[in-house]
Each structure stands twice: as structure tokens, then as C-alpha cells.
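First up is the structure itself, then whatever we jot down about it.
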Amino acid sequence: MTTHAPQAAQAVTLPTTLDEAVAALTAVPAAVPVAGGTDLMAAVNSGQLRPAALVGLGRISEIRGWQYQDGHALLGAGLTHARMGRPDFAALIPALAAAARAAGPPHIRNAGTLGGNIASAAPTGDALPVLAALEATLIIAGPGGARREIPVSHLLAGMDLLRAGELIGYVRVPLLHAPQVFLKATGRTGPGRAVASVALVLDPARRGVRCAVGAIAPMPLRPLEAEQWVGGLIDWDNSRTLVPEALNAFGEYVAAACIPDAAPGEDGSVPQLPPAVLHLRRTVAALARRALGRALS
């Protein structure tokens, strides 16, 4: 699988169903599941990982599509970024489609999967703030056909980790039928890699705004007070417009919540944030302001 690490995998299993994959992982606890392999093989090639065995998920057709279920979309964990970026999916979950289209060059989008993005939990994962803003949940497949459901935010925060033999099978996403936006700012750290990203969705049924900021912390951050504040300013029954001053204030509110001022010193003075941090805060403010403006336009 790689010229740099010929001894990386001692055995490869290629199950065709989710339960077969779980059984393979249960039989060989040291085995590592692999779908697109965009993160896994990079770790193998760099010498950071030497899996004793691999369980390939590419032949499991049941997790490569999606279906409708009680006002939600049930997304298979094997959906690739390229598939999610297509127009039919974009009509379903626009912000997730936008994040998928922004997930690096074509070879990454063609191979990388939704479940892999979640399981690797890289802070720069483009799908993660979208799933956090949508308050998505994960359906976890376990031994013996067991299934359990957890909020995606719990997994990303380490509050509820995958257990031995478990796999992410599906992602349940509410269909809000309202504007959604995903924006990100990139730097020189890699092709298409975010230095900051913002996902924002409107929820007219709950008369709320949900926002998540990615890439600036180990997990997406939800500025809940900023969401509640701006949600109370929007006229949900008519044009859903805000004055520019409110848009600017929302951006600053989100940025300050996610990148707070430094703690006061012993003498009561507040140290100035480093220039790089101040620049990042301005970037987050601009992304949040633009995302809300586009959602309301």
C-alpha cells in the first residue's frame, strides 16, 4: 500500500456489510478501519502509525448513500466529499455540500469520506462545524448488531468515545429547509486547509440561528450567547433582515466568544493579545458576519 512502509499492514479484511466490518474489528482489536485513507495513509507513510491489520470499508454499499427518515437525512458514513458536493445533495444540506466542495483538491474529495472526517476529528475538518451547527447525531454500529445514537458534538469533545469494535455507520441530520452557509479562510499550511471556518444555519421553526466555528480549537465552538442574541433581533415573520450594525456586532460577538481576551494579570491589567491571535479574531468576525449576511439575504 505504500513504498515507504511495506510492513504497515499484516492483514486486510474487506467486508461487504456494516455488521461484517464490526465483526472483523471485534475479532482483531488491533485492526484499524479505513475508508478513503486520506488521513490514515498519511500517518502510515510518515511512520506515525503501524496498524497490525486493516478493515477496508469501501465495499459496504449500505453506507455510501443517504435516505430520508422522519424529517431528517440519514447519511451513510461512507459518503465521499465529491458525492456530497453534487447539486442534488446541495439542495438537501447546502452547508455540508459547500464544506465538501472545499475539502481540498479533487483526489482528496474523491477518496475522503464523511465518517472519516468525523472519526479522525482533525480540527481543520471542514464537515465538523457544519455538523455541529446542524446538531447532527451519529448512529454507531456495535457488536451483535447493536446500534446506539450520540450527538456528534459529544464524540468530538471526547464525552462519548467509540468503544471496542464500534464504527460510525450513519449521520442523522435534521432537514431545516432554510438557508445554510459555510465559509472558511485558508492559509499556507496546506492545500485548502482552513485557518478558520464558520458554519451558520437558520432554524425558522425554532426562530433561531445556529453557528459553529471550526479550525481554531480542537473541536468546533458554538457561540451560544451570540446565537441567542441575534436570533432575538430577526423578524422571523417577515423579511428576516438585520441592519448592518447588527451584522457587524454579531461577527464581533462570535469572535470574542471563541477567542476571548487574555486573563487579567495579578495587577489587574489585561495583556494585549498577540498580533496573530488578533488577526485570527478579525478573520472569525468577518466570516461570521458574512455568513449571517448571506443566510439572511
Side-chain angles (χ1 to χ4, degrees), residues 1-5 8-9 12-18 20-21 31-46 48-49 51 54-67 73-131 134 136 138 141 152 156 167-171 173 180-195 197 199 214-215:
M1 300 184 71
T2 170
T3 57
H4 301 290
V12 178
T13 303
L14 299 174
T16 58
T17 69
L18 194 56
E20 285 179 4
V32 176
V34 55
T38 55
D39 290 326
L40 174 67
M41 294 315 300
V44 170
N45 286 337
S46 65
Q48 299 176 2
L49 182 65
L54 296 177
V55 177
L57 309 179
R59 296 185 179 180
I60 306 177
S61 60
E62 64 188 283
I63 61 171
R64 297 179 67 84
W66 70 83
Q67 56 185 291
L74 193 63
L75 311 179
L79 275 170
T80 64
H81 300 304
R83 185 65 189 88
M84 291 187 291
R86 294 181 187 175
D88 58 341
F89 191 93
L92 190 70
I93 312 173
L96 192 54
R101 289 193 293 266
H107 69 278
I108 295 295
R109 298 197 302 273
N110 288 333
T113 64
L114 177 62
N117 210 219
I118 299 168
S120 62
T124 54
D126 292 319
L128 303 185
V130 178
L131 297 176
L134 289 169
L138 304 177
V152 67
L156 298 177
L167 278 173
I168 299 172
Y170 302 92
V171 183
V173 178
Q180 305 174 8
V181 179
F182 171 80
L183 298 174
K184 77 174 183 178
T186 59
R188 300 179 181 272
T189 55
R193 189 167 297 171
V195 295
S197 61

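Small disclaimer: the values here were computed from a predicted structure and weren't measured. Here, residue 1 is the first one in the sequence, and each next residue gets the next number.
Formation of a donor-acceptor pair under 3.5 Å by the Arg109 side chain with backbone atoms of His81 is not found in this model. A donor-acceptor contact shorter than 3.5 Å is absent between the side chain of Arg64 and the backbone of Gly76. Side chain of Gln180 to main chain of Ala95: a donor-acceptor pair is present (N/O by atom type, distance under 3.5 Å, no hydrogens or angles).
Screening Leu167, Thr113, Leu14, Val34 for a side chain to side chain contact (heavy atoms under 4.5 Å, CB included) with Leu57, the sole residue that qualifies is Leu167. Among the candidates Val173, Leu96, Val152, Val181, the single residue satisfying the side chain to side chain contact (heavy atoms under 4.5 Å, CB included) test with Val130 is Leu96.
Residues Phe182 and Ala102 approach most closely at CE2-CB, 4.2 Å, considering heavy atoms. Heavy atoms only, all atoms of each residue included: Pro129 and Gly214 are closest at CB-N, 4.0 Å. The two residues Thr80 and Ala111 come nearest to each other via the heavy atoms CG2-O, 4.3 Å. The two residues Pro15 and Gly56 come nearest to each other via the heavy atoms CD-O, 3.1 Å. Here the closest non-hydrogen pair linking Leu92 and Ala73 is CD2-CB, 4.0 Å. Summarising the geometry of Val171 relative to Ala136, their closest heavy-atom pair is CG1-CB, 4.0 Å, with the distance given to 0.1 Å.
For the atom pair CG of Leu75 and CD1 of Ile168, the computed distance is 12.5 Å after rounding to the nearest 0.5 Å. Atom-to-atom distance recorded for Tyr170:OH and Leu79:CG is 10.5 Å, nearest 0.5 angstrom. Note that CD1 of Ile93 is 9.0 Å distant from CE of Met84, once rounded to the nearest 0.5 Å. In this structure, CG on Leu54 lies 8.5 Å from OG1 on Thr13, to the nearest 0.5 angstrom.
Annotation: salt bridge (charged side-chain N to carboxylate O under 4.0 Å, His left out) contacts involving residues 79-96, sequence neighbours excluded, comprise Arg83-Asp88. Applying the side chain to side chain donor-acceptor pair (under 3.5 Å) test to residues at least two apart or on different chains, the pairs with a partner in residues 119-131 are Asp39-Ser120, Asp126-Lys184.
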Checklist entry - Please walk me through it: do Leu131 and Leu138 pass side chain to side chain contact (heavy atoms under 4.5 Å, CB included)? => result CA-CA 10 Å; Leu131 297 176; Leu138 304 177; 5.7 Å; no
